[in-house]
Trainee: 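Provided herewith is a single structure, encoded as structure tokens, for subsequent inquiry.
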Amino acid sequence: MDKNYYITTPIYYPSANPHMGHAYSSIIADFFARFKKIDGYDVHFLTGTDEHGDKIVQAAEKEDTTPKAYADKISQLFQDLLPLLNVKNNRFIRTTDPDHIAVVKAMLSKIYDSGDIYFSSYEGLYCFGCERFYQERELVDGLCPDHGKAPETIKESNYFFKMSKYQEWLVDHITSNPDFIQPEQYRKELLSFLKEPLEDLCISRPKTRLTWGITLPFDEDYVTYVWFDALVNYISALGYPDDDRFKTFWPTARHFVAKDIIKPHGIYWPIMLKAAGLPIYNGLNVHGFWNVQGSKMSKSIGNVTDPVEVTGEYGVDAFRYFLMREMVFGLDANFTEDAIVARINSDLANDLGNLFSRVLSMNHRYFKGNVQGADPALDDQYSLEKDAAKAIDAFSEAMGLCRFHQGMTAVWEFISTMNKYIDTNEPWALAKDESKTSHLAAVLYQLMEGLRTVAGLISPVMPDTGLKITRALGLSVPEDGIFTLDTIRPWGQIPTGITLDKPAILFPRIDVKKEKAVQAPKTKPFKPALKEEITIDEFAKIDLRAGTVISAEKIEKSNKLLKLQVDLGAETRQIVAGIGKSYTPDQVVGKTVIVVANLKEAKLMGEVSQGMILAASRKKDLILSGFNGEPLPGNPVK
RNA sequence: GGCGAAGUAGCUCAGUUGGUUAGAGCAUGCGGCUCAUAUCCGCAGAGUCCGGGGUUCAAGUCCCUGCUUCGCUACCA
């Protein structure tokens with residue numbers, strides 16, 4: 001039976017330059033793809049850019065260029081990053097590629113014809129500045145967060161995708177395929193989300209608002225929007241529907257994504273596939289975020305966090321190793337230079353690099369570089385074959401469980417075993433005793449074989465280093481550069497009689513300045529983070545007044561809302577406030593508080609709220625604002 | 001508010017279906033070796049396994065409860 005595997009990264013949205021997160025997604029997917037290759041699979045590996053939508057249009061306008069020209073430019077940055085990261089993809093797809101556009105249209109037609117796309121109008125809060133709708137909860141004090149203006153209620157018609165129809169099916173699919181979403185916590189997160197009724201997905205934008213997109217095949221006046229366009233890339237890249245690649249690879253698809261986009265991938269995408277009558281992809285591997293130190297640090301430590309710079313500074317293999325080793329797959333991790341330097345010095349330079357160096361140096365010193373081979377009679381005493389096999393098995397097992405960092409530690413345990421083995425067998429002592437020459441030869445040969453195994457196992461994470469070691473051991477490298485696990489495993493492959501060069505340094509140690517420059521005084525960050533700066537003019541738009549609460553009652557169905565009548569001098573307002581956890585109605589009556597008086601009216605739990613009262617929030621407690629003196633209701637607050 | 005994840009040595013994390021004195025790596029201290037990139041090997045370290053209850057012959061591991069952090073979600077005005 002053929003072993004095929006299809007691996008994808010997310011397609012990146014080129015509204016900004018590539019950063020650590022992009023680099024990680026690409027590298028982990030590449031790492032996994034390379035592992036699957038050495039595990040004997042025929043792998044198809046896809047990455048690309050998602051180029052339609054508002055933000056691209058806006059970014060292009062800023063640079064006074066067209067969306068396509070802008071997308072070309074940024075997409076190129078993403079493409080250029082790949083070789084720097086040693087990522088080897090089979091295709092780089094762009095959602096502006098003609099074949100992709102054709103497939104999106106075909107997909108839309110298919111679902112439209114089957115009746116799962118319908119036309120409907122709805123009302124919403126629309127900001128003309130942003131040219132987009134806002135949910136109420138996205139607004140900041142009722143205003144558009146970008147423009148500080150109150151959005152207007154407008155009516156619009158659009159096409160909707162009947163996701164709700166497939167909710168039950170999806171829950172069942174996720175439940176009955178435990179491997180579908182990895183790791184487990186994200187599977188639970190999705191199932192928890194699916195406990196609530198799913199809303200249908202709006203999949204279009206009228207061309208009056210957005211033209212930079214793919215025109216709907218069934219309505220010339222609309223383009224399709226975001227996810228419906230983007231997700232389809234995974235099949236259009238395979239030449240859906242007719243290409244053999246689609247038939248071969250699609251059922252084996254494994255998507256790597258960051259945790260912020262599990263909903264589109266874990267919910268929209270399988271439902272889209274189901275609605276179109278296509279097989280569901282095999283699974284989703286969700287990873288966490290890299291917390292990158294934002295604050296400036298002293299020059300001596302440096303603060304290199306741009307993936308391109310990090311690669312330049314420490315080398316691509318070290319960077320890849322660090323990312324794979326340091327992050328527990330699925331969880332967040334910290335990226336600091338201290339951490340990467342520590343990994344390089346201890347794991348790469350001291351453990352692996354030095355092992356490689358001492359073994360080949362000894363072979364050079366004692367046998368002039370000539371490979372002696374091991375006397376089988378001494379195997380019982382010296383063989384490392386079982387330790388190597390154990391490493392291969394543990395590595396494979398961890399990889400199969402998405403425990404990538406454990407895959408690394410499995411290899412490093414073997415490296416440690418070999419360092420210990422040298423200490424135990426003391427080749428330098430064997431060298432002094434002429435009767436022990438065959439023992440010395442055996443020890444060195446076992447170690448070289450161990451290094452050969454290590455080279456194979458690290459080749460997915462550090463392709464260059466894997467090849468360096470392999471070549472240094474006098475082995476030829478297959479044309480595709482791939483040693484499969486099956487070809488790595490057999491013991492005793494290094495030919496005897498050949499002569500090896502003196503070893504090069506694989507990973508130079510990095511000097512750490514003993515006195516770490518005085519850490520910048522720890523400024524406590526605001527929690528929550530401070531909002532964007534505003535001008536006095538913007539602030540002046542908010543009309544704050546003193547208001548006296550004249551009555552208050554609890555809203556029955558709510559657990560925290562109080563309905564207040566507030567005297568503002570000129571008029572009495574009804575204000576719904578979420579302070580019911582901290583105050584009983586009795587406690588607020590008579591209090592004079594600060595009221596946002598020009599806030600657009602809103603409805604909460606069916607009750608009209610004409611303003612908002614200010615309160616400090618301390619943990620879960622709310623503390624009402626107040627005054628030192630006694631203002632009159634309606635007095636302005638500045 | 002609801003749902004979920006996490007809280008284990010200075011740091012990063014393991015701890016499987018509850019079972020002997022709670023582990024690893026890094027960092028620290030001491031000792032050893034000398035082939036090697038001042039590397040390697042060994043030894044040491046008194047961790048309230050977040051707190052408090054409970055089940056059990058036995059709990060980091062199960063149950064209840066509280067706290068902290070994070071994520072998703074909501075009636076966050």
Side-chain angles (χ1 to χ4, degrees), chain A residues 136-137 139-142 183-196 259-260 262-263 288-289 291 325-328 330-334 336 338-339 342-343 345-366 403 405-406 408-409 412-413 415-416 418-431 440 443-444 447 502-510 527 555 557-562 564 573-581 595-596 599-615 617 619-620 622:
Chain A
E136 280 190 13
R137 64 167 177 278
L139 301 179
V140 178
D141 301 338
E184 185 72 12
Q185 67 257 35
Y186 295 108
R187 183 166 166 268
K188 284 185 182 159
E189 188 175 319
L190 281 179
L191 284 173
S192 147
F193 181 76
L194 286 168
K195 281 178 191 157
E196 304 292 319
K259 66 182 184 182
D260 57 333
I262 56 173
K263 245 188 270 174
F289 291 149
N291 297 315
R325 173 64 184 80
E326 194 75 5
M327 179 176 267
V328 177
L331 304 181
D332 292 354
N334 296 313
T336 64
D338 282 352
R343 281 286 168 212
N345 280 347
S346 75
D347 295 3
L348 298 183
N350 294 352
D351 292 348
L352 173 58
N354 184 55
L355 173 68
F356 171 81
S357 173
R358 66 199 301 210
V359 169
L360 291 194
S361 293
M362 282 192 275
N363 190 243
H364 219 267
R365 172 181 284 232
Y366 302 137
R403 297 186 187 160
H405 74 293
Q406 281 181 9
M408 300 294 104
T409 56
W412 258 258
E413 265 173 44
I415 290 170
S416 173
M418 286 196 277
N419 273 321
K420 217 162 293 187
Y421 173 93
I422 294 175
D423 200 66
T424 308
N425 291 303
E426 300 186 312
W428 50 92
L430 297 173
L440 176 61
V443 165
L444 293 185
L447 287 165
K502 274 193 176 175
I505 299 287
L506 290 180
F507 299 98
R509 279 182 63 83
I510 295 159
K527 276 198 317 193
I555 294 180
K557 291 166 292 181
S558 162
N559 61 19
K560 67 160 79 159
L561 295 184
L562 298 185
L564 313 176
R573 297 272 188 87
Q574 169 166 306
I575 294 178
V576 178
I579 55 173
K581 287 271 163 172
V595 176
V596 182
L599 190 60
K600 189 180 172 73
E601 192 172 292
K603 261 194 184 174
L604 286 165
M605 299 293 286
E607 294 287 352
V608 172
S609 180
Q610 307 161 298
M612 164 178 170
I613 64 178
L614 300 187
S617 99
K619 300 261 166 100
K620 284 168 190 172
L622 287 175

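Order of the sequence lines fixes the chain letters, A, B, ..., with proteins taken first and strands second; residue numbering starts at 1 for each chain. Everything numeric here is computed off the predicted structure, so don't read it as measured data.
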Trainee: Say you pick atom C1' in B:rC64 and the same atom in B:rA74; how far apart are they, in whole Å?
Mentor: 26 Å

Trainee: If the C1' atom of B:rG71 is compared with that of B:rA38, how far apart are they to the nearest Å?
Mentor: 45 Å

Trainee: Mind checking who B:rU21 pairs with, Watson-Crick or G-U wobble, both distances under 3.5 Å?
Mentor: none

Trainee: How far does the C1' atom of B:rC41 sit from the matching atom of B:rU20, given to the nearest Å?
Mentor: 29 Å

Trainee: In whole angstrom, give the distance that lies between atom CG of A:Leu190 and atom P of B:rU73.
Mentor: 11 Å

Trainee: When you match A:Ile505 and A:Glu426 each to their closest nucleotide on RNA chain B, which lands nearer the 5' end?
Mentor: A:Glu426

Trainee: Contact between A:Ile422 and A:Leu355 at the side-chain level, heavy atoms closer than 4.5 Å - yes or no?
Mentor: yes

Trainee: For A:Phe193 and for A:Met362, find the nucleotide of RNA chain B with the closest heavy atom, then tell me which residue's nucleotide is more 5'.
Mentor: A:Met362

Trainee: Does the side chain of A:Met362 reach to within under 4.5 Å of the side chain of A:Leu440, using non-hydrogen atoms?
Mentor: no

Trainee: Taking CG from A:Asn345 and P from B:rG25, how many angstroms apart are they, rounded to a whole number?
Mentor: 18 Å

Trainee: Tell me what A:Ala349 touches on the nucleic acid: a base, only sugar-phosphate, or nothing, going by heavy atoms under 4.0 Å.
Mentor: base

Trainee: Determine the interatomic distance between C1' on B:rC13 and the same-named atom on B:rG52; round to the nearest Å.
Mentor: 27 Å

Trainee: For A:Leu191 and B:rG2, what is the distance between atoms CG and C1' respectively, to the nearest whole Å?
Mentor: 16 Å

Trainee: Would you say B:rA36 has OP1 or OP2 under 4.0 Å from some side-chain N or O of A:Lys502?
Mentor: no

Trainee: Hey, does A:Asp347 have a side-chain heavy atom less than 4.5 Å from the side chain of A:Phe507?
Mentor: no

Trainee: May I have the distance from A:Arg325 (atom CZ) to B:rC13 (atom C1'), rounded to whole angstrom?
Mentor: 8 Å

Trainee: How long is the line joining CG of A:Leu331 and P of B:rA6, in whole Å?
Mentor: 8 Å

Trainee: Which of these nucleotides, B:rC41, B:rA36, B:rC13, is closest to any side-chain atom of A:Val328?
Mentor: B:rC13

Trainee: May I have the distance from A:Trp412 (atom CH2) to B:rC26 (atom P), rounded to whole angstrom?
Mentor: 13 Å

Trainee: In whole angstroms, how far is the C1' atom of B:rG15 from the CD atom of A:Gln406?
Mentor: 11 Å

Trainee: Are A:Asn350 and B:rC40 close enough that a side-chain N or O sits under 4.0 Å from OP1 or OP2?
Mentor: yes

Trainee: Across all strands shown, which nucleotide pairs with B:rG29 by Watson-Crick or G-U wobble geometry, both distances under 3.5 Å?
Mentor: B:rC43

Trainee: Please determine if a side-chain N or O atom of A:Arg365 lies less than 4.0 Å away from the OP1 or OP2 oxygen of B:rA36.
Mentor: yes

Trainee: With rounding to whole Å, what would you report as the distance between B:rU16 and B:rA77 at their P atoms?
Mentor: 41 Å

Trainee: For B:rG42 and A:Lys420 - does any side-chain N or O of the residue sit under 4.0 Å from the phosphate oxygens OP1/OP2?
Mentor: yes

Trainee: Between B:rG7 and B:rC76, how far apart are the C1' atoms? Round to whole Å, please.
Mentor: 26 Å

Trainee: Which base, if any, makes a Watson-Crick or G-U wobble pair with B:rA14, both distances under 3.5 Å?
Mentor: none

Trainee: Of the listed nucleotides (B:rC26, B:rU39, B:rC35), which one gets closest to any side-chain atom of A:Trp428?
Mentor: B:rC35

Trainee: How far does the P atom of B:rU61 sit from the matching atom of B:rC70, given to the nearest Å?
Mentor: 24 Å

Trainee: Using the P atom as the point on both nucleotides, what is the distance between B:rG19 and B:rC62, in whole Å?
Mentor: 11 Å

Trainee: From C-beta outward on A:Ser346, which listed nucleotide comes closest to its side chain: B:rC41, B:rC35, B:rC26?
Mentor: B:rC26

Trainee: Ignoring the backbone of A:Arg509, work out which of B:rC40, B:rA77, B:rU39 is nearest its side chain.
Mentor: B:rU39

Trainee: Considering Watson-Crick and G-U wobble pairs with both distances under 3.5 Å, what does B:rC70 pair with?
Mentor: B:rG4

Trainee: How many whole angstroms separate atom CZ of A:Arg358 from atom P of B:rU37?
Mentor: 11 Å

Trainee: Could you tell me which nucleotide pairs with B:rU48 by Watson-Crick or G-U wobble geometry, both distances under 3.5 Å, or answer none if nothing does?
Mentor: none

Trainee: Choose from B:rU73, B:rG71, B:rU37 the nucleotide whose nearest atom is closest to any side-chain atom of A:Glu189.
Mentor: B:rG71

Trainee: Going through the distances and angles, do A:Leu348 and A:Trp412 end up as a side chain to side chain contact (heavy atoms under 4.5 Å, CB included)?
Mentor: CA-CA 10 Å; A:Leu348 298 183; A:Trp412 258 258; 3.8 Å; yes

Trainee: Would you call A:Arg509 and A:Asn350 a side-chain contact if the rule is heavy atoms closer than 4.5 Å?
Mentor: yes

